[in-house]
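Here is the structure we will look at.
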2 protein chains.
Amino acid sequence: MTNKINKNDQIKTDIIVKARELFKRFGLNKTTMEDIAQTMSKGKSTLYYYFSGKEEVLYAVAQKEIADTFGSILAEVEKQKSAQERLRAFFLKRFDVLEEKLNTYPAMVREQKKNIEIIHKIHLEFSLLERNLIKEILLYGIKSGEFAHINKKDCDSLAIAASTILSGIDIYTFVEGTVPPIGDQLNILFNITMRGVK
Amino acid sequence: MTNKINKNDQIKTDIIVKARELFKRFGLNKTTMEDIAQTMSKGKSTLYYYFSGKEEVLYAVAQKEIADTFGSILAEVEKQKSAQERLRAFFLKRFDVLEEKLNTYPAMVREQKKNIEIIHKIHLEFSLLERNLIKEILLYGIKSGEFAHINKKDCDSLAIAASTILSGIDIYTFVEGTVPPIGDQLNILFNITMRGVK
DNA sequence: AGTAGACTAAAACACAAATCGAGTCGAATG
DNA sequence: CATTCGACTCGATTTGTGTTTTAGTCTACT
């Protein structure tokens, strides 16, 4: 009994591993159930004994990816003592992991593109204006003594960070087709950040 | 001389206005140079006397859109006295404007979509885990006295805000095909935010 | 200077034919 | 009974094709 369940699971995870590899190499569209079956020297129908369909295979692969990724972040976080260092570790690791995934699944990333160039070009231009405005407001606040004194370079960095976050929200909005409903939350984040700037 | 320049500019801006309207209604692809010319009761060739091509028309329209949008934000900002209120006004207005644009150009937004659904679904799941981790770290910091006491609701809000920002950066990265090179800037922003949390 | 009609070349479209690939089924194997 | 597979279906995707649309040019008219 336990033997059977084990064997079943073994094959399942084998499928997941193989599928994952193929997805990495060829992307979602170019990987067929036939391909997956062949790399395991099995018939295509056999896959359907273990998974209800391609989507479920993909889902299983994604689940594993999520678990692995989240695990590696968690590990990094738990190395740290203080909450501050934990948070910092989280963000840094999270950033690394994002880049790593981007490089791991180039085919899948490529599948998702079209002609964003124009909008991007336009958006970039707007971002530059915006970034300067943010910087000016910051400098204004520093000059008036309302904000703590920050050196010019950090001021620049802050503006860049802020504008990038906004760009992220822009593109998020663009892709989703709706503005993320987090007005209040951002407000609270803003208040706390302000406490730090003052 | 000045008269001629004025007339030239007048027609140019007329073209821009008309093109803008058509882009709003029908999107980029479904708006032809012929269409634009017809709504002005002019020959198509005439457009090429004023603009080198469709792309330049689009660019001009975008320029105007940028100028208008930025102007409306700037106006809102300059109503405020303190730098803090200016910053806040900036973010809020910026948010409004984003949503407004989304509603103004639905056809153009629609043109830019494909099958993001799967990745989105997967991403959402990851976001939930991530959000909880952030919240837990925050609560950990509050319990230990390292962070200032924030009520649970605000803590939630902070976590949502942070995860949403990260989602934004995710999608940004996804669309751009590269992680935004602002590690240092984010670090500085992080430090300042921390000062506020403590 | 400003306009437009006729033109071209290339891209978009339409639609039929062929191909591919996800998913089913019943039979085979052990 | 658990597991595998070959043969099949059917809808989606791709391909080949001819046609239409459309960005952009050229020339000539005012």
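Atom set for the values below is all heavy atoms of this structure, side chains included, hydrogens, waters and symmetry mates excluded. Letters A, B, ... are given to chains in the order of the sequence lines, protein chains preceding strands, and every chain is numbered from 1.
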Seminar exercise, completed: A/Asp9 atom CG is separated from D/dT3 atom C1', nearest whole Å, by 15 Å
For this session: Give a yes/no answer on whether the side chain of B/Asn8 brings an N or O atom under 4.0 Å of OP1 or OP2 in C/dG2.
Result: yes
Problem set entry | Any donor-acceptor N or O pair under 3.5 Å, side chains A/Gln63, A/Tyr59 | yes
For this session: Within residues 46-54 of chain B, find the residues that approach DNA chain C with a heavy atom at under 4.0 Å, and present them sorted by residue number.
Result: B/Thr46, B/Tyr49, B/Tyr50
For this session: For A/Glu55 and C/dG23, give me the distance from atom CD to atom P, rounded to whole Å.
Result: 8 Å
Exercise. How would you label the contact of B/Lys44 with the nucleic acid (heavy atoms, under 4.0 Å): base, sugar-phosphate, or nothing?
Worked result: base
For this session: Write down the distance between CD1 (B/Ile36) and P (D/dA23), rounded to a whole number of angstrom.
Result: 8 Å
For this session: Taking the side chain as every heavy atom from C-beta outward, state whether B/Leu158 and B/Ile150 have any atom pair closer than 4.5 Å.
Result: yes
Exercise. Considering only heavy atoms from C-beta outward, does the side chain of B/Lys42 approach that of B/Leu47 to under 4.5 Å?
Worked result: no
Exercise. Which pair of non-hydrogen atoms, one from A/Ala60 and one from A/Phe51, has the smallest distance, and what is that distance?
Worked result: CB-CE2, 3.8 Å
Seminar exercise, completed: Rounded to whole Å, the CG-P distance (A/Leu28 to C/dA22) equals 10 Å
For this session: Nearest whole angstrom, please: distance from the C1' of C/dT3 to the CE of B/Met40.
Result: 12 Å
Problem set entry | Rounded distance in Å - CD (A/Glu34) to P (C/dG23) | 13 Å
Problem set entry | Distance in angstrom units between A/Lys42 NZ and D/dA2 P, rounded | 17 Å
Exercise. Which heavy atom of A/Ile142 sits nearest a heavy atom of A/Cys155, and at what distance?
Worked result: CD1-SG, 4.1 Å
For this session: Can you tell me the distance, in whole Å, between the CG atom of A/Asn29 and the P atom of D/dT13?
Result: 9 Å
For this session: Looking only at non-hydrogen atoms, find the nearest pair between A/Met40 and A/Ile36 and report the distance.
Result: CG-O, 3.1 Å
Exercise. Is A/Glu21 paired with A/Lys24 through a side-chain N to carboxylate O contact shorter than 4.0 Å?
Worked result: no
Exercise. Across the strands shown, which category fits B/Ser45 at heavy-atom distances under 4.0 angstrom: base, sugar-phosphate, nothing?
Worked result: base
